[in-house]
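Quick notes on the structure that follows.
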Amino acid sequence: MSTPATVSAATAETNIMATRSPRVISISSGKGGVGKTFVSVNLAAHAAAQGHKVLLIDADLGLANVDVMLGLQTSGSIRDLLTEGTSLEELIVPCKQGFDVLPGGSGLHELTNLNVREQQTILDTLRETGRDYDLILIDTAAGIGENVLYFASASETALVVLTPDPTALTDAYALIKVMSQQRGVRRFMVLVNQTDEIDGQITFKRLLSVSDRYLDIYLDYIGYVPQHTDVRKAIQRQKPLIHNGTDLSRHLEKLFDSLLDRPRDSSRSAGLQFFWEHSLAASLGDDDALNTTALQAEGKLQ
């Protein structure tokens with residue numbers, strides 16, 4: 001039996017590990033086109049401006065566009081890591097907003113469904129390099145593909161982005177359902193994009209209602225992002241919108257401060273290595289996890 005001193009020492013060691021390990025946040029969405037990458041890029045820029053050392057991983061493998069949104073010139077991608085043995089240091093691209101980007105590669109169909117060996121390669125590579133960062137953001141693909149489940153369930157925190165569009169709401173629920181039932185993720189942060197305060201709260205309450213009815217999870221509402229012409233302009237200019245002095249920028253800054261101020265999940269903050277290995281182990285046993293029943297949303301989301 002453990003003595004109080006032993007338990008205290010173990011707890012202290014766990015706390016030290018959590019402090020030293022980077023916080024890993026995945027940004028996912030059930031449906032494409034809801035602004036997930038916009039959120040990822042601007043969150044990375046804001047965190048870097050607050051003094052955090054940030055790595056943004058473009059994990060939308062095959063249809064990556066973080067580099068496009070930032071106007072970055074990249075010569076390599078995760079594909080080179082997997083096929084050419086290129087080092088991570090050679091692939092990481094620093095951007096002038098103060099954070100680093102790991103490009104995912106565009107138009108590469110072979111990357112859309114990583115096998116176990118490729119997942120292990122990514123794990124082995126990021127296990128060491130990840131320790132150099134305070135915050136790792138993983139911009140996943142949309143939907144519930146195997147890559148999405150791998151990256152999202154390997155994170156300490158899963159952020160789900162959606163809009164009030166009924167299809168986006170239904171798909172967000174399907175993503176949360178699959179992640180909770182197939183990968184054991186129990187806590188999610190939720191951000192509603194392209195809306196106002198009232199519709200944002202209504203959308204979240206609809207998602208919360210059906211989730212409470214059918215799933216054993218906890219949803220944490222971060223807030224909403226207004227639909228604004230400045231968003232489109234920022235994307236066209238290939239620059240983050242954050243910190244430009246506008247009302248929308250100040251709204252995003254408060255929103256991201258609230259997100260980053262959330263306490264770390266002590267049950268999932270024991271280090272990057274643990275969670276990537278946990279996710280890898282899960283992927284070995286559920287080749288048939290994505291069956292059609294996982295796509296069904298119980299009840300009506302209205």
Side-chain angles (χ1 to χ4, degrees), residues 14-15 17-30 34-48 50 52-60 99 102 123 126-127 130-131 133-142 144 147-162 172-173 175-193 204 207-208 211 215-225 252 254-280 282:
T14 300
N15 290 338
M17 288 179 63
T19 301
R20 290 178 178 172
S21 65
R23 184 173 190 174
V24 185
I25 301 176
S26 64
I27 301 94
S28 307
S29 65
V34 301
K36 170 180 54 61
T37 300
F38 171 82
V39 171
S40 301
V41 165
N42 282 274
L43 175 57
H46 180 68
Q50 302 305 307
H52 299 286
K53 188 172 183 183
V54 182
L55 173 64
L56 173 56
I57 300 175
D58 193 342
D60 188 353
F99 61 91
L102 176 59
L123 164 66
L126 283 173
R127 185 164 49 194
R131 294 174 182 173
Y133 293 91
D134 304 312
L135 177 66
I136 297 177
L137 301 176
I138 306 176
D139 181 32
T140 76
I144 55 173
N147 284 357
V148 177
L149 298 184
Y150 173 64
F151 285 112
S153 63
S155 304
E156 178 184 329
T157 305
L159 172 63
V160 176
V161 180
L162 70 154
Y173 172 75
L175 171 65
I176 291 171
K177 175 184 176 181
V178 172
M179 286 178 60
S180 65
Q181 295 184 345
Q182 302 295 340
R183 297 303 177 93
V185 181
R186 292 289 178 259
R187 299 176 66 90
F188 300 84
M189 294 192 295
V190 177
L191 187 152
V192 184
N193 193 19
F204 175 71
L207 180 63
L208 180 64
S211 297
L215 304 176
D216 180 21
I217 61 169
Y218 174 78
L219 299 183
D220 180 10
Y221 182 50
I222 298 301
Y224 73 98
V225 177
L252 288 176
K254 291 180 181 178
L255 186 74
F256 294 150
D257 280 339
S258 175
L259 187 158
L260 294 172
D261 286 343
R262 292 295 203 274
R264 295 188 64 170
D265 186 348
S266 59
S267 66
R268 298 183 64 85
S269 60
L272 183 66
Q273 175 180 353
F274 171 81
F275 287 104
W276 285 66
E277 290 179 343
H278 172 78
S279 180
L280 181 65

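The figures that follow rest on heavy atoms only: side chains count, while hydrogens, waters and symmetry mates do not.
- Atom OG of Ser180 and atom CZ of Phe188 lie 5.5 Å apart (nearest 0.5 Å).
- Heavy atoms only, all atoms of each residue included: Pro22 and Leu135 are closest at CB-N, 4.4 Å.
- The two residues Asp139 and Lys36 make their nearest non-hydrogen contact at OD1-NZ, 3.0 Å.
- Under 3.5 Å, the side chains of Thr140 and Ser26 contain no donor-acceptor pair of N or O atoms.
- Proximity of Arg187 to Asp220: side-chain heavy atoms (C-beta onward) are nowhere separated by under 4.5 Å.
- In this pair, His46 and Phe256 present their aromatic rings tilted. The plane angle is within the 30 to 60° band.
- Going from atom OG of Ser29 over to atom CG of Leu191 covers 11.5 Å, rounded to the nearest 0.5 Å.
- Here Leu259 contributes atom CG and Leu252 contributes atom CG; the two are 11.5 Å apart, rounded to the nearest 0.5 Å.
- Between Ser155 and Ile25 the shortest side-chain heavy-atom distance does not fall below 4.5 Å.
- In this structure the side chain of Leu207 reaches within 4.5 angstrom of the side chain of Ile176, judged on heavy atoms.
- Between Lys177 and Ile144 there is no side-chain heavy-atom pair separated by less than 4.5 Å.
- Note: Leu102 CG to Leu137 CG = 12.5 Å, rounded to the nearest 0.5 Å.
- Panel note: side chain Asn193, backbone Val34; a donor-acceptor pair is recorded below 3.5 Å.
- When all heavy atoms of Met179 and Ala158 are compared, the closest pair comes out as CE-CB, 3.9 Å.
- Leu175 is listed as a side-chain neighbour of Val148, based on a closest heavy-atom distance under 4.5 Å.
- Closest approach of Leu215 and Tyr173 over heavy atoms only: CD1-CE1, 3.6 Å.
- If you take CD1 on Ile138 and CG on Asp58, they are separated by 11.5 Å, rounding to the nearest 0.5 Å.
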Side chain to side chain contact (heavy atoms under 4.5 Å, CB included), that's the test. Do Leu162 and Phe204 meet it? Break it down for me. CA-CA 9 Å; Leu162 70 154; Phe204 175 71; over 6 Å; no
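- Contact annotation: the side chain of Leu159 approaches that of Val39 to within less than 4.5 Å [non-hydrogen atoms, C-beta and beyond].
- In this structure, Leu260 CG and Leu255 CG are separated by 9.5 Å, a value rounded to the nearest 0.5 Å.
- The heavy-atom pair separating Arg264 from Glu156 by the smallest distance is NH2-OE1, 2.6 Å.
- Minimum heavy-atom separation, Val54 to Phe99: O-CB, 3.5 Å.
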